[in-house]
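Written out below as structure tokens is the structure these notes cover.
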Amino acid sequence: MATESGPTAIDFRELLRDGWKIAAILLFWGALALIGFAGVTNIGFYRPGSFFWWIGNMLGWIFVVTGIGNILIYTIARGIHLSRQ
């Protein structure tokens with residue numbers, strides 16, 4: 001009777017590598033969102049409702065949502081990859 005091997009434990013170094021990748025993704029999209037929220041909105045006459053204020057806020061939120069989406073896609077793909085090993 002053959003014994004089935006259970007799932008193998010994930011190495012701590014592999015977890016750190018995944019953590020660094022996630023941190024790099026968040027840092028990249030967070031920097032772009034900061035440019036959108038703080039940089040673009042302050043061009044010209046700053047007031048809510050102005051063209052650059054609106055564009056800056058929209059770009060900031062687009063970058064935030066894109067960053068969160070990238071993290072979700074990465075973790076789901078990584079989970080599928082680890083489940084098939």
Side-chain angles (χ1 to χ4, degrees):
M1 189 156 89
T3 61
E4 293 183 23
S5 63
T8 59
I10 300 172
D11 187 27
F12 183 71
R13 288 185 179 149
E14 190 172 347
L15 286 176
L16 283 178
R17 274 185 265 138
D18 286 342
W20 282 111
K21 290 176 187 175
I22 290 172
I25 292 170
L26 285 176
L27 183 66
F28 175 76
W29 288 109
L32 288 179
L34 184 63
I35 290 170
F37 283 130
V40 177
T41 57
N42 289 325
I43 294 174
F45 184 61
Y46 173 74
R47 70 174 196 274
S50 70
F51 176 72
F52 287 114
W53 183 86
W54 185 81
I55 292 294
N57 279 329
M58 289 298 111
L59 282 175
W61 282 113
I62 287 170
F63 293 145
V64 167
V65 170
T66 304
I68 292 171
N70 279 341
I71 294 300
L72 287 175
I73 289 170
Y74 178 79
T75 55
I76 291 169
R78 185 68 177 143
I80 290 171
H81 176 73
L82 289 174
S83 69
R84 293 185 178 178
Q85 285 184 346

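The first residue in the sequence is number 1, and the count goes up from there.
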What side-chain donor-acceptor pairs closer than 3.5 Å can you find for residues 64-80, not counting sequence neighbours?
residue: Thr66; atom: OG1; partner: Ile62; partner atom: O; Å: 2.7
residue: Tyr74; atom: OH; partner: Asp18; partner atom: OD1; Å: 3.0
residue: Thr75; atom: OG1; partner: Ile71; partner atom: O; Å: 3.0
residue: Thr75; atom: OG1; partner: Leu72; partner atom: O; Å: 3.1
residue: Arg78; atom: NE; partner: Asp18; partner atom: OD1; Å: 3.4
residue: Arg78; atom: NE; partner: Asp18; partner atom: OD2; Å: 3.0
residue: Arg78; atom: NH2; partner: Glu14; partner atom: OE2; Å: 2.3

Under 3.5 Å donor-acceptor pairs involving side-chain atoms of residues 19-34, not counting sequence neighbours:
none

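Rounding to the nearest 0.5 Å places CH2 of Trp53 at 7.5 Å from CE of Met58.
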